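Each chain gets a letter, A, B and so on, in the order the sequences are listed, and its residues count up from 1. Computed from a predicted model, the values in this text were never measured in an experiment.
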Number of protein chains: 2
Amino acid sequence: MKERKKQYFHPIEVTLDVVCGKWKGVILCLLQENDYRFGELKDQLYSVTPKVLTQQLRELEEDGLITRTVYPQVPPKVVYSLTPYGKDLEDTLRMMEKWGQSHQQRVGDNFNEEVSEAELS
Amino acid sequence: MKERKKQYFHPIEVTLDVVCGKWKGVILCLLQENDYRFGELKDQLYSVTPKVLTQQLRELEEDGLITRTVYPQVPPKVVYSLTPYGKDLEDTLRMMEKWGQSHQQRVGDNFNEEVSEAELS
DNA sequence: ATAGGTAGTTACTTTTTGGATACCATGGAC
DNA sequence: GTCCATGGTATCCAAAAAGTAACTACCTAT
């Protein structure tokens, strides 16, 4: 799994440490809207494998962002939902979403210009 | 370096793709306050090696978040600063910083208990 | 001619992360 | 007794990211 004992120099590292992972951002965004079952997440993430999805979910759980609720049924039903701390990320996630959108557009349009090395003295 | 041609399922992936890197978050936070020279960043990040710092800066530059300005002097002087797009992340970064602080406090309590137990043995 | 300061680079190794594929447990329906 | 659906595990492997240590280029000042 993931070791998270390191020392941080800056508080933003804490957040990034918790949110950086191939699928974590999207998972958190999805869960802002709805609770989801394992399979529902898997379907929405499309290309994620069960192993990796489990990993991401477990880490988010360890970090206190989501809860895993098992309904004792057959076939099993497991629902993932946000904790209050996960919900606290909502605004941040939305801003990141927005920035991502505009950045994506930008790259689509005019990312051909090279940034030149300005020469000053 | 880093390949960034993948397809995104969700706009937040764009942002995370650009910001996730061992030192990128901190670098961006620092640059919100001030422009910095290579050596100044290196000193503030303390444990970063020049290779990795260069990598992180180059990728941020490629992604259009920062600018690299070379002053043609000897010894060289290279200053890194934010582009408008980098500045657009300011609010987001601040929110992440804040969340990180509270999260750290939260786990800080548990962590301290664990540490003190360990210290007793 | 030698040393010094800045901003790197190069080559190599290790660690971390993610992916492919196959398999497992449960209990009810048939 | 076999099949099904769900929610996973178990192995093994590849790719990506980060770390280590040594080296470079430049001109200036001594």
- Message: On the nucleotide dG19(C), are OP1 or OP2 found under 4.0 Å from the side-chain N or O atoms that Gln55(A) carries?
- Response: no
- Query: Rounded to whole angstroms, how far apart are CG on Leu57(B) and C1' on dA18(D)?
  - Reply: 15 Å
- Task: Could you say whether Trp23(B) or Glu40(A) is positioned toward the 5' end of DNA chain D, judged by the nucleotide with the nearest heavy atom to each?
- Result: Glu40(A)
- Query: For the pair made of CD in Gln44(A) and P in dG7(D), what is the distance, rounded to whole Å?
  - Reply: 13 Å
- Item | Any Tyr80(B) side-chain nitrogen or oxygen under 4.0 Å from OP1 or OP2 of dG8(C) | yes
- Task: Establish, with yes or no, whether the OP1 or OP2 oxygen of dG7(D) is under 4.0 angstrom from a side-chain nitrogen or oxygen of Arg58(A).
- Result: no
- Query: Which whole-number value in Å describes the distance from Tyr36(A) OH to dG7(D) P?
  - Reply: 14 Å
- Item | Gap between atoms NZ and P, on Lys77(B) and dT28(D) respectively (whole Å) | 17 Å
- Note on the structure: To the nearest angstrom, the CG-C1' distance between Leu16(B) and dG18(C) comes to 16 Å
- Query: Could you state the CG-C1' distance from Leu41(B) to dA7(C), rounded to the nearest angstrom?
  - Reply: 12 Å
- Donor-acceptor pair under 3.5 Å: do we get one between Lys51(B)'s side chain and the base of dG19(D)? yes
- Query: Which is true for Gln56(B) with a 4.0 Å heavy-atom rule: it touches a base, it touches only sugar-phosphate, or it touches nothing?
  - Reply: sugar-phosphate
- Nearest-nucleotide 5' precedence on DNA chain C, Pro76(A) against Ser47(A): Ser47(A)
- Message: Does a side-chain N or O of Lys22(B) approach OP1 or OP2 of dG19(D) to a distance below 4.0 Å, or not?
- Response: yes
- Pairing of Glu33(A) and Arg94(A) as salt bridge, 4.0 angstrom limit: yes
- Would the number of heavy atoms belonging to other residues, nucleotides or ligands and lying under 6.0 Å from NZ of Lys42(A) be above 12? no
- Item | Gap between atoms NZ and C1', on Lys42(A) and dA5(D) respectively (whole Å) | 12 Å
- Just to confirm, is there a sub-4.0 Å distance from OP1 or OP2 of dA7(C) to any side-chain nitrogen or oxygen of Arg68(B)? no
- Query: So, Glu59(A) side chain and Gln56(A) main chain: donor-acceptor pair closer than 3.5 Å or not?
  - Reply: no
- Message: Please tell me if Tyr71(B) has a side-chain N or O lying less than 4.0 Å from either OP1 or OP2 of dC27(D).
- Response: no
- Rounded distance (Å) that lies between atom P of dG8(C) and atom CG of Asp43(B): 14 Å
- Start at the 5' end of DNA chain C and walk down; is the nucleotide closest to Val48(A) or to Pro75(A) reached first? Val48(A)
- Query: Any cation-pi pair here, Arg106(B) with Tyr85(A), using under 6.0 Å and within 45°?
  - Reply: yes
- Do other residues, nucleotides or ligands put more than 12 heavy atoms under 6.0 Å from the NZ atom of Lys98(B)? no
- Using only side-chain N and O atoms of Arg37(B), determine if any of them is under 4.0 Å from OP1 or OP2 of dT6(C). no
